[in-house]
Amino acid sequence: MAGGLERVYGTEEDKVNCSFYIKIGACRYENKCQRIHSIPPISQTILFKHMYQNSPIEVAIASGNAVSQAGIEEALEKFENFYEDVFLKLAEFGEIEDLIVCENIGDHLVGNVYVKYTSEYYAEGCFNALQNLSYENRPLQMEYSPVLDFSSAKCKQYIDGTCQRGGACNYLHLKKISTKFKKSLFNQMYEEHPDYREKKEKEINEKSPKKHKKKEKKSKKKKSSSSRESSRRNSIERQKMINDWNETGIQNVSQAQKMMYGNNMPAPVYTPKVSMRTSPELLQLQLQLAALKEQLTAIKMS
């Protein structure tokens with residue numbers, strides 16, 4: 001009997017506990033859900049509900065709408081500043097294993113931030129220290145989360161670029177951040193808190209003393225904030241993320257048009273490509289050219 005209950009716990013067969021809450025840490029039915037949302041008394045993961053405030057541009061990106069290059073740059077800069085600020089603050093309480101921010105725009109997931117520490121001890125210290133505090137003049141809404149494996153909470157179709165639900169999906173769509181920039185934040189965490197690295201090395205040595213021998217410490221110069229800014233702004237990976245956003249937005253718009261018009265798709269309308277380097281004069285010429293092309297198309301059709 002006990003084995004059977006353990007087998008169905010957290011699955012669709014579980015008629016008592018909400019499988020979505022166990023897997024995602026949030027449920028679209030929230031308090032109205034007919035199944036139990038069991039908030040753990042302690043966990044390595046803390047959920048900060050609706051901590052991140054999306055700009056209109058970010059909502060458009062999450063919805064799959066086309067956004068200009070300048071708009072994407074602005075949104076990415078805003079998010080990276082937030083991520084850096086929150087990561088380094090939360091790292092003061094313990095070693096972070098991962099920090100993720102939801103891109104979803106559903107009421108139960110919008111702006112949610114998950115931090116997973118390497119131990120419950122660190123998570124508890126953070127949870128107690130941040131009680132009754134605010135971020136950007138808004139009270140922090142914290143709770144321990146049952147999610148310990150983010151891979152099962154992420155939307156696989158979103159990762160593949162095929163999710164049709166966009167920001168309304170109930171699985172996690174994570175805001176993109178370059179690996180290089182994220183790695184620089186982890187390096188800074190270990191530089192500012194060397195005891196985290198020492199503890200990890202000690203645990204590794206205890207588990208596999210033959211494979212992992214203690215290495216002599218090498219002095220490393222602390223990276224300045226300007227060097228980190230440079231690494232994230234000049235990252236090739238960061239530019240690829242921007243291009244992916246543009247491509248995804250175009251694909252989503254195209255799919256929506258096909259669903260709406262079917263085989264009676266209207267002729268594509270020329271739209272000038274706007275970037276941060278486009279001058280007002282060039283943009284005006286592009287718009288005039290677009291208008292002339294539309295007039296020529298109308299004459300040919302008449």
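For this chain, numbers begin at 1 and follow the sequence in order. Bear in mind that the values here come from a model prediction, so they are computed numbers and not experimental data.
- Residue pairs meeting the salt bridge (charged side-chain N to carboxylate O under 4.0 Å, His left out) criterion with at least one partner in residues 135-149, sequence neighbours excluded, are Lys49-Glu143.
- The shortest distance between side-chain heavy atoms of Arg28 and Asp107 does not fall below 4.5 Å.
- The ring-ring contact (aromatic ring centres under 6.0 Å, His included) test with Tyr122 singles out one residue from Tyr196, Phe127, Phe93, and that residue is Tyr196.
- Taking CG of Leu140 as the reference point, atom CD of Gln131 lies at 9.0 Å (rounded to 0.5 Å).
- Side-chain atoms of Lys156 come within 3.5 Å of backbone N or O of Ser151 as a donor-acceptor pair.
- Tyr83 and Phe87 have parallel rings, their planes meeting at less than 30° on a 0 to 90° scale where 60° marks the start of perpendicular.
- Of all non-hydrogen atoms in Ser145 and Gly25, the two that sit nearest each other are OG-CA, 4.1 Å.
- No continuous path of hydrophobic side-chain contacts links Val110 to Leu99 [ILVMFWY only; heavy atoms under 4.5 Å].
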Quick one, Cys102 with Lys175, criterion side-chain contact (heavy atoms from CB on, under 4.5 Å). Give me CA distance, side-chain angles, the key distance, then yes/no. CA-CA 6 Å; Cys102 293; Lys175 283 186 172 290; over 6 Å; no
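- Counting only heavy atoms from C-beta outward, the side chains of Val86 and Met51 approach each other to under 4.5 Å.
- Side-chain contact between Phe20 and Lys23: absent, with no pair of heavy atoms (C-beta onward) separated by less than 4.5 Å.
- Within the 4.5 Å cutoff, no side-chain heavy atoms of Tyr21 are placed close to those of Cys33.
- Taking hydrophobic clusters as Ile, Leu, Val, Met, Phe, Trp and Tyr residues chained together by side-chain heavy-atom distances below 4.5 Å, Ile100 shares a cluster with Val147.
- Linking Ile, Leu, Val, Met, Phe, Trp and Tyr whenever their side-chain heavy atoms come within less than 4.5 Å puts Phe82 and Leu88 in one cluster.
- Between the side chain of Tyr117 and the backbone N or O of Ser43 there is no donor-acceptor pair closer than 3.5 Å.
- Heavy atoms only, all atoms of each residue included: Leu109 and Cys169 are closest at CD1-O, 3.9 Å.
- Judged by distance alone, the side chain of Ser63 and the main-chain N or O of Asn65 form no donor-acceptor pair under 3.5 Å.
- By the 6.0 Å contact criterion, CD on Glu74 is open, its count of non-hydrogen atoms from other residues, nucleotides or ligands being 12 or less.
- Side-chain atoms of Asn104 and Tyr158 include no donor-acceptor pair closer than 3.5 Å.
- Between Lys154 and Leu174, the closest side-chain pair of non-hydrogen atoms falls below 4.5 Å.
- A heavy-atom distance below 4.5 Å is not found between the side chains of Lys176 and Phe79.
- Ile42 and Ile39 are members of different hydrophobic clusters when ILVMFWY side chains are connected at heavy-atom separations under 4.5 Å.
- In terms of modelled atom types and a separation under 3.5 Å, the side chain of Asn128 and the main chain of Glu124 share a donor-acceptor contact.
- Ionic pairing of Glu95 and Arg197 is not present here: no N-O contact between side-chain nitrogen and carboxylate oxygen is shorter than 4.0 angstrom.
- For Ser55 against Lys78, the heavy-atom pair with the smallest separation is N-NZ, 4.1 Å.
- When all heavy atoms are compared, the tightest approach of Ala75 to Ile61 is CB-CD1, 4.1 Å.
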Could you walk me through whether His108 and Asn170 satisfy the side-chain hydrogen bond (donor to acceptor under 3.5 Å, both in side chains) test, starting with their C-alpha distance in whole Å, then the side-chain angles of each, then the deciding distance to 0.1 Å, before giving a yes or no? CA-CA 9 Å; His108 61 300; Asn170 288 315; 3.2 Å; yes
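- Among all heavy-atom pairs drawn from Leu148 and Lys116, the shortest one is O-NZ, 2.6 Å.
- Using a 4.5 Å cut-off between side-chain heavy atoms of Ile, Leu, Val, Met, Phe, Trp and Tyr, with links allowed through other members, Val115 and Ile177 fall into the same hydrophobic cluster.
- For Ile105 against Ala168, the heavy-atom pair with the smallest separation is CG1-N, 4.3 Å.
- Taking 4.5 Å as the limit, some side-chain heavy atom of Glu84 sits within range of a side-chain heavy atom of Phe181.
- Here Leu130 contributes atom CG and Leu90 contributes atom CG; the two are 6.5 Å apart, rounded to the nearest 0.5 Å.
- When atom types are taken as modelled, the side chain of Asn112 and the backbone of His50 share a donor-acceptor pair closer than 3.5 angstrom.
- Atom CG in Leu185 sits 9.0 Å away from atom CD1 in Ile96 (nearest 0.5 Å).
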Where do Asp85 and Tyr135 land on the side-chain hydrogen bond (donor to acceptor under 3.5 Å, both in side chains) test, with the steps shown first? CA-CA 11 Å; Asp85 183 37; Tyr135 182 81; 3.0 Å; yes
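- To the nearest 0.5 angstrom, Ile36 atom CD1 is 5.5 Å from Asn17 atom CG.
- Atom OG1 in Thr45 sits 9.5 Å away from atom OH in Tyr114 (nearest 0.5 Å).
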Walk me through whether Glu58 and Tyr52 qualify under side-chain hydrogen bond (donor to acceptor under 3.5 Å, both in side chains). CA-CA 11 Å; Glu58 289 170 296; Tyr52 184 73; 2.3 Å; yes
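- With values rounded to the nearest 0.5 angstrom, Glu80 atom CD is found 12.5 Å from Lys182 atom NZ.
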